[in-house]
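These notes concern the structure reproduced below.
Counting convention: from 1, in listed order, for ligands and their atoms alike. As a basis for the values below, the full set of heavy atoms in this structure was taken, side chains included, without hydrogen atoms, waters or symmetry mates.
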Amino acid sequence: MTSKLVDTLINANLVPLKPYESARRLFSGGQDWLNANESPFANPYDIDSGNFNRYPSCQPHSVINGYADYAGVDKSQLIVTRGADEGIELLIRTFCTPGEDNILICPPTYGMYAISAETCDVGIKRVPLNDDFSLDVDGICATESVNLVFICAPNNPTGTQVSQADLTAVLEHFANTALVVVDEAYIEFDIDNTWATQLAAYPNLVVLRTLSKAFALAGLRCGFTIASEAIIQSLLKVIAPYPIPEPVAQIVAQALTAENIERMQQQVAFLNEQRTTLQAELAKRPGVALVGDVKANYILFRHSHCAQIMQYLVSQGMLIRDQSKQLNLQDCLRVTIGSAEQNQRLLSLLDAYFEQAGASL
Ligand SMILES: *Cc1c(COP(=O)(O)O)cnc(C)c1O
């Protein structure tokens, strides 16, 4: 569909962009969703509709207090957003001037940093990860004119952790020039390595969190940005007046009770066990090479039949994610840890594929 009016009015930076191909948008069918790093657990919650005629609070107290306690920060040091994705966009809109400023990213990594920058007409400087997926600290520190440095830890899709020394060097290098945003979407799977408790030491540190992964609430769209009070106050100038719907606030408050945090931790422990099993089983399959590390709820692997495996799994309703277009991830597939049944079904389907592929492996 084309429209002359739209073609004349649309912002020039948006012309080459395509709507985001989320895992959800790529496939409509399927029964086993192991492609978006969601949790296999659907936990029950209650809703009270008594206040649905009123606008919600911009930053609901129960949500802010609950997450501040959980993360071990002061309630002045966080903002709740429509998913961590909104936090990424708010940071870019607040701290980068369109057409002038730049962000720095380290591919292969999470796609939304670049997409948000592009939609905001903000430049992107890329410093690829080293061959072992560690940070190229020298390359990062040699990059000038950046306002935000995005570092995903554990990194999606490589599952690798970022070394404390490397991140410290980056934070110190940019102390007076840029904010360093550590995306901890998967931190519950590697909780000892959080940076949320380091805010006092690094005023340019920002930590992103989400309820979409370990907390099993991707459908809610709820994330948090943790930073100094000065940074949070700046983000509050830009965020929409009512970003968090009342039912979302109610469910988040329940998810953050001590009892339900413990439930989340048990589910994480279960997924970590499943991951260990799946990783060992995958490694036994012909031609499978594990790639990166497993510090989160997914496994990345390489196979020369990448495209055919993907196609076969899709035909069987088993959806995983093709990462082969990412820098240095040729022939790589990422599989989210699902329920025990789903993980077993994935292995059975792979075996069926390998048996049929036979000698060509
Ligand atoms: C899933 C994911 C997010 C987005 O989380 P939402 O809260 O669902 O928007 C952010 N960063 C990384 C690295 C992710 O994998």
(message) Quick check on the 6.0 Å ring-centre criterion: do Y353 and H303 meet it?
(response) no

(request) Grab the two heavy atoms, one from H173 and one from C141, that are nearest each other, plus how far apart they are. (result) NE2-O, 2.9 Å

(message) Between the side chains of R345 and E341, is the shortest nitrogen-to-carboxylate-oxygen separation below 4.0 Å, so that they form an ion pair?
(response) no

(request) Using a strict cut-off of less than 4.0 Å between a Lys/Arg side-chain nitrogen and an Asp/Glu carboxylate oxygen, indicate whether R285 and E281 qualify as a salt bridge. (result) yes

(request) Have a look at D85, N297, L220 and point out the one with the heavy atom closest to atom 4 (C) of ligand 1. (result) D85

(request) Could you name the option among D183, L208, N156 that has the heavy atom nearest to atom 12 (C) of ligand 1? (result) D183

(message) For the CD atom of E246 and the CD1 atom of I47, what is their distance to the nearest 0.5 Å?
(response) 8.5 Å

Close-contact set for ligand 1 against [X] heavy atoms, below 4.0 Å:
{"X": "C152", "result": "13 (C)"}
{"X": "T210", "result": "5 (O), 6 (P), 7 (O), 8 (O)"}
{"X": "S212", "result": "6 (P), 7 (O), 8 (O)"}
{"X": "Y186", "result": "1 (C), 13 (C), 14 (C), 15 (O)"}
{"X": "K213", "result": "1 (C), 2 (C), 3 (C), 14 (C), 15 (O)"}
{"X": "G83", "result": "6 (P), 7 (O), 9 (O)"}

(message) If we set the cut-off at 4.0 Å for heavy atoms, which region of R221 has an atom near ligand 1: side chain, backbone, both, or neither?
(response) side chain

(message) So is R82 touching ligand 1 or not, going by heavy atoms under 4.0 Å?
(response) no

(message) Please confirm whether G223 approaches ligand 1 to less than 4.0 Å, judged on its heavy atoms.
(response) no

(request) Please determine if Y110 has a nitrogen or oxygen closer than 3.5 Å to a nitrogen or oxygen of ligand 1. (result) no

(message) Using a 3.5 Å cut-off on N or O atoms only, is N37 in polar contact with ligand 1?
(response) no

Would you say the side chains of [X] and [Y] form a donor-acceptor pair under 3.5 Å?
{"X": "T158", "Y": "N155", "value": "yes"}
{"X": "Q308", "Y": "Q311", "value": "no"}
{"X": "R126", "Y": "T109", "value": "no"}

(message) Checking L167 against V180 for the side chain to side chain contact (heavy atoms under 4.5 Å, CB included) test, could you report, in this order, the C-alpha distance in whole Å, the side-chain angles of both residues, the deciding distance, and whether it holds?
(response) CA-CA 9 Å; L167 204 34; V180 177; 4.2 Å; yes

